[in-house]
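This report refers to the structure that appears directly beneath it.
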Amino acid sequence: MAAALLARHAGDRVVVRSAGSAPADDLNPAVVEAMAEVGIDLRAAGARPKRLEDAAVAASDVVITMGCGDACPFYPGTRYEDWQLDDPAGQGIEAVRPIRDEIDRRVLDLLASLGIERATA
């Protein structure tokens, strides 16, 4: 959700990489539905769960983690933020909507902190 929302709000001004330390086999159907409600088709965008690769972290200026702890590589000089959020895994749409909305708020705050204007209204 964060990668898709960041791509929407930043456009081509940010390179977005998304991966997890323990990715699922497929997209969470409730997440797909919640994102569709805000006009983002994750499947059409080619979103899929991917394993976090050390090289992706090394190439990043900002790394947002969501509770991966020691499983995430660490590089001095890289900005890290850990967003403590409820896990949408196994949750229904009613539980996923507020998670989506909180991620959206944090994405907008992140862009503002980076001095990047929002691409969408």
Side-chain angles (χ1 to χ4, degrees):
M1 287 189 286
L5 290 164
L6 182 56
R8 166 185 269 182
H9 293 312
D12 62 1
R13 292 170 290 169
V14 173
V15 174
V16 180
R17 297 176 182 93
S18 176
S21 56
D25 292 332
D26 196 9
L27 297 175
N28 177 331
V31 167
V32 172
E33 183 179 352
M35 295 302 285
E37 290 178 350
V38 296
I40 297 174
D41 184 340
L42 292 177
R43 295 207 187 275
R48 62 179 177 76
K50 298 174 282 305
R51 178 159 299 284
L52 179 65
E53 299 292 335
D54 192 68
V57 177
S60 298
D61 296 317
V62 179
V63 176
I64 305 300
T65 61
M66 296 182 188
C68 68
D70 293 339
C72 290
F74 179 81
Y75 288 91
T78 299
R79 176 179 164 185
Y80 288 83
E81 290 187 23
D82 186 50
W83 292 356
Q84 295 295 316
L85 298 161
D86 291 334
D87 188 345
Q91 302 293 324
I93 188 68
E94 294 298 326
V96 172
R97 284 184 186 118
I99 298 169
R100 175 203 60 206
D101 295 345
E102 178 61 15
I103 291 171
D104 195 44
R105 184 191 66 74
R106 291 181 189 212
V107 162
L108 292 172
D109 288 349
L110 174 65
L111 288 174
S113 77
L114 295 170
I116 298 171
E117 289 188 33
R118 188 174 172 184
T120 61

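FYI, side chains are in, hydrogens and waters are out, and symmetry mates aren't considered; it's all heavy atoms of this structure.
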With [X], which residues qualify under side-chain hydrogen bond (donor to acceptor under 3.5 Å, both in side chains), at least two apart?
{"X": "T78", "answer": "none"}
{"X": "Q91", "answer": "none"}
{"X": "D104", "answer": "H9"}

Worksheet item: Looking at residues at least two apart in the chain, or sitting in another chain, which of them share a salt bridge (charged side-chain N to carboxylate O under 4.0 Å, His left out) with E37?
Response: R97, R100
Fill in: By salt bridge (charged side-chain N to carboxylate O under 4.0 Å, His left out) - contacts of D109 (at least two apart)
R105
Worksheet item: Cluster partners of F74, using ILVMFWY side-chain heavy atoms under 4.5 angstrom, listed by chain and number?
Response: L52, V57, V63, Y75, Y80
Practice prompt. Keeping to residues at least two apart or across chains, list the ring-ring contact (aromatic ring centres under 6.0 Å, His included) pairs with something in residues 25-52.
Written response: none
Worksheet item: Can you tell me how far the CG atom of D87 sits from the CG atom of N28, to the nearest 0.5 Å?
Response: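 Rounded to the nearest 0.5 Å, the CG-CG separation comes to 8.5 Å.
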Fill in: Reported CG-to-CG distance for the pair L6 and L111, which is rounded to 0.5 angstrom
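Going from the CG atom of L6 to the CG atom of L111 covers 5.5 Å.
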Quick check: closest heavy atoms across [X] and [Y], and the distance to 0.1 Å?
{"X": "P49", "Y": "A24", "result": "CB-O, 3.1 Å"}
{"X": "V107", "Y": "A2", "result": "CG2-O, 4.0 Å"}
{"X": "A7", "Y": "V16", "result": "N-CG2, 4.1 Å"}
{"X": "G11", "Y": "A119", "result": "N-CB, 4.0 Å"}
{"X": "L5", "Y": "I40", "result": "CD2-CD1, 3.8 Å"}

Item to complete: Mind jotting down which residue pairs meet the side chain to side chain donor-acceptor pair (under 3.5 Å) criterion with at least one end in residues 40-50? Sequence neighbours excluded, please.
Response: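 Every pair satisfying side chain to side chain donor-acceptor pair (under 3.5 Å) with a residue in residues 40-50: D26-R43.
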Worksheet item: Are any of the side-chain heavy atoms of R106 and L85 separated by less than 4.5 Å?
Response: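 Yes, close enough: below the 4.5 Å cut-off.
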Worksheet entry | Side chain proximity check, L110 to R79, heavy atoms < 4.5 angstrom |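 L110 reaches R79 side chain to side chain.
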Item to complete: Using side-chain contact (heavy atoms from CB on, under 4.5 Å) as the criterion, list what pairs up with V15, not counting sequence neighbours.
Response: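 Partners of V15 by the side-chain contact (heavy atoms from CB on, under 4.5 Å) criterion, ordered by chain and then number, come out as R17.
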Worksheet item: Which one of V32, D101, V38, I103 satisfies the side chain to side chain contact (heavy atoms under 4.5 Å, CB included) criterion with M1?
Response: I103
Discussion item. Using a 6.0 Å cut-off, check whether atom CG of D54 has over 12 heavy atoms from anything other than its own residue.
Written reply: yes
